[in-house]
Amino acid sequence: MTGIDRSAAPESLGKDSPDPVPALLLGRLAVDRRYSSLGIGTTLAAHVLATAVELNEKAACRAVVVTALNPSARAWWERLGVHPFDATDPDQLDLYLLVAEIDATLSNAQ
Ligand SMILES: CC(C)(COP(=O)(O)OP(=O)(O)OC[C@H]1O[C@@H](n2cnc3c(N)ncnc32)[C@H](O)[C@@H]1OP(=O)(O)O)[C@@H](O)C(=O)NCCC(=O)NCCS
């Protein structure tokens, strides 16, 4: 679990949240290159997102946050609906997805 300084959070993340905003940090995600493009990365990400929904039911978790490894990894995350903290910065690698958005992402990932 992690906490996001509400003053630095996008409005949709900080609105009506405690400070810091409770979130699930996805530290590292990688798939062995020999098994790439088989859907394993998407399945692992979907598992983490479903875990965030469960955590939010039991305690509080407003979002999943991830720091992409590089711009290519950012593009991969954006395919899942994840947003940059600063949408105006094309180099931004800090990303988030609201728990409220996860159902739509999981439906699209199936
Ligand atoms: C990003 C990563 C986890 C994807 O895992 P994966 O199991 O290959 O992904 P999936 O099979 O679920 O998705 C494959 C799709 O994503 C695309 N894709 C895979 N890696 C990508 C990348 N680094 N950037 C952009 N798109 C990527 C593939 O082209 C494929 O597209 P298609 O469905 O149109 O053919 C894997 O490439 C990886 O381990 N990368 C290195 C570490 C990393 O960048 N981690 C991200 C966390 S910060």
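Note that ligands are numbered from 1 as they come in the structure, with each ligand's atoms numbered from 1 the same way.
- Using a 4.5 Å heavy-atom threshold, the side chains of L29 and V66 count as separate.
- Side-chain atoms of L93 and F85, non-hydrogen and from C-beta on, never get closer than 4.5 Å to each other.
- Of the possible donor and acceptor atoms, none in the side chain of T105 sits under 3.5 Å from a partner among the backbone N and O of G81.
- For S17 (side chain) and L13 (main-chain N/O), a donor-acceptor pair under 3.5 Å exists by modelled atom type.
- Annotation: ligand 1 has protein neighbours L29, A30, V31, S36, S37, L38, G39, I40, G41, T42, T67, A68, L69, S72, A73, W76, W77, R79, each with a heavy atom less than 4.0 angstrom from the ligand.
- Cluster annotation: L26 is connected to L44 through the hydrophobic network of ILVMFWY side chains, with a link wherever side-chain heavy atoms come within less than 4.5 Å.
- A distance-only check finds no donor-acceptor pair linking the side chain of Q92 to the backbone of D89 [under 3.5 Å].
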